[in-house]
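Protein chains get the first letters and strands the later ones, always in sequence-line order, with residue 1 at the start of each. On a predicted model such as this, the values are computed, not experimentally measured, just so you know.
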Protein chains: 2
Amino acid sequence: MRRDIFQAIADPTRRAIIALIALQAMTPNAIAENFNSTRQAVSKHLRILTECQLVKQQQQGREIYYTLQIEKMKEIDKWLEQYRKIWETRFNQLDKVLSTIKKQKK
Amino acid sequence: MRRDIFQAIADPTRRAIIALIALQAMTPNAIAENFNSTRQAVSKHLRILTECQLVKQQQQGREIYYTLQIEKMKEIDKWLEQYRKIWETRFNQLDKVLSTIKKQKK
DNA sequence: TATATTTGCAACCAGATGGTTTCATAAAAT
DNA sequence: ATTTTATGAAACCATCTGGTTGCAAATATA
């Protein structure tokens, strides 16, 4: 199944998981404690996040720690870049208009 | 039906529509010409984009122009902010390590 | 060695999703 | 007045999605 970062972050539970493990690696059990759904449901989400390389596994005995691959998040930032340019341009244009009005008042 | 901007941008066709109308407003027909699917399928995507206020309609005779509401895109930027902080911190830490190594070489 | 814990996977299921075709409505063109 | 054009909505359908329960494998503990 093809996985895509945009599809991965579409689900609110997955965004919550991302936020949870952003600061420290966690095991599936520990993550699941924060949600109402079963451990297996969380496990499925973790699989999807792993498939698109948003998280990485680190085995430690029988426990598996999941870490956020923050680098991958930059892909969204990169995609946003084109639109950021647009809204910054618009802001500057608005700024010009406002300063022109200001000058006219003087 | 509840609509969410993250769900809206999850679909590749919708992201393409967003990119298309980012620079100039377009009618559903004109937008649909750029895709292999039917005009009605594009119309459905436009409905979803409208529902989460990513696009706005402007009637002009029997034509309807769809405009991107670039402001709405900032919501994603805002969500990314927390992670941007993390990756910038990590970069700075790496930077410190590197400059320490440099000093030691001297 | 026997038992408990941690985990992933398979099978199943209801509901959402993205697509199609068909139809209705309104505005423009003939 | 009739036809063409632009559009949205409804009905339908195959597939995807997120959830569940049950099971198997591996590691830790008694």
Extract all donor-acceptor atom pairs below 3.5 Å that involve side chains of residues 57-64 of chain A and protein atoms in other chains or at least two apart in sequence.
| from | atom 1 | to | atom 2 | distance (Å) |
| --- | --- | --- | --- | --- |
| A:Gln58 | OE1 | A:Thr67 | OG1 | 3.4 |
| A:Gln59 | NE2 | A:Gly61 | O | 3.2 |
| A:Glu63 | OE1 | A:Tyr65 | OH | 3.4 |

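- Proximity of A:Tyr66 to the phosphate of C:dG8: a side-chain N or O atom is located under 4.0 Å from OP1 or OP2.
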Residue pair A:Leu23, B:Ile86: steps toward the side chain to side chain contact (heavy atoms under 4.5 Å, CB included) verdict: CA-CA 8 Å; A:Leu23 297 170; B:Ile86 294 173; 4.2 Å; yes
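- Listed candidates were D:dG8, D:dA6, C:dG8. Nearest to the side chain of B:Asn29 is D:dA6.
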How would you summarise protein contacts on nucleotides 18-30 of chain D per nucleotide, using B for base, S for sugar-phosphate only and - for none, with heavy-atom distances below 4.0 Å? BBBBB----BS--
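- Distance CE (B:Met26) to P (D:dT7): 11 Å, rounded to an integer number of Å.
- Annotation: side-chain hydrogen bond (donor to acceptor under 3.5 Å, both in side chains) contacts of B:Glu75 (sequence neighbours excluded): B:Lys72.
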Please report, to 0.1 Å, the donor-acceptor pairs under 3.5 Å made by any side chain of residues 33-44 of chain A, with sequence neighbours excluded.
| from | atom 1 | to | atom 2 | distance (Å) |
| --- | --- | --- | --- | --- |
| A:Asn34 | ND2 | A:Ala30 | O | 2.9 |
| A:Asn34 | ND2 | A:Ile31 | O | 3.3 |
| A:Thr38 | OG1 | A:Ala41 | N | 3.3 |

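- Under the salt bridge (charged side-chain N to carboxylate O under 4.0 Å, His left out) criterion, B:Arg90 pairs with no residue at all, not counting sequence neighbours.
- Summarising the geometry, the separation between CZ on B:Phe6 and C1' on C:dA16 is reported as 20 Å, rounded to the nearest angstrom.
- Checking the phosphate oxygens (OP1, OP2) of C:dT7, no side-chain nitrogen or oxygen of A:Ser43 falls inside 4.0 Å.
- In this entry the distance linking CD1 of B:Ile17 with C1' of C:dG18 reads 12 Å, nearest Å.
- Under the side-chain hydrogen bond (donor to acceptor under 3.5 Å, both in side chains) criterion, A:Gln24 pairs with no residue at all, not counting sequence neighbours.
- Atom CD1 of B:Ile9 is separated from atom P of C:dG18 by 13 Å (rounded to the nearest Å).
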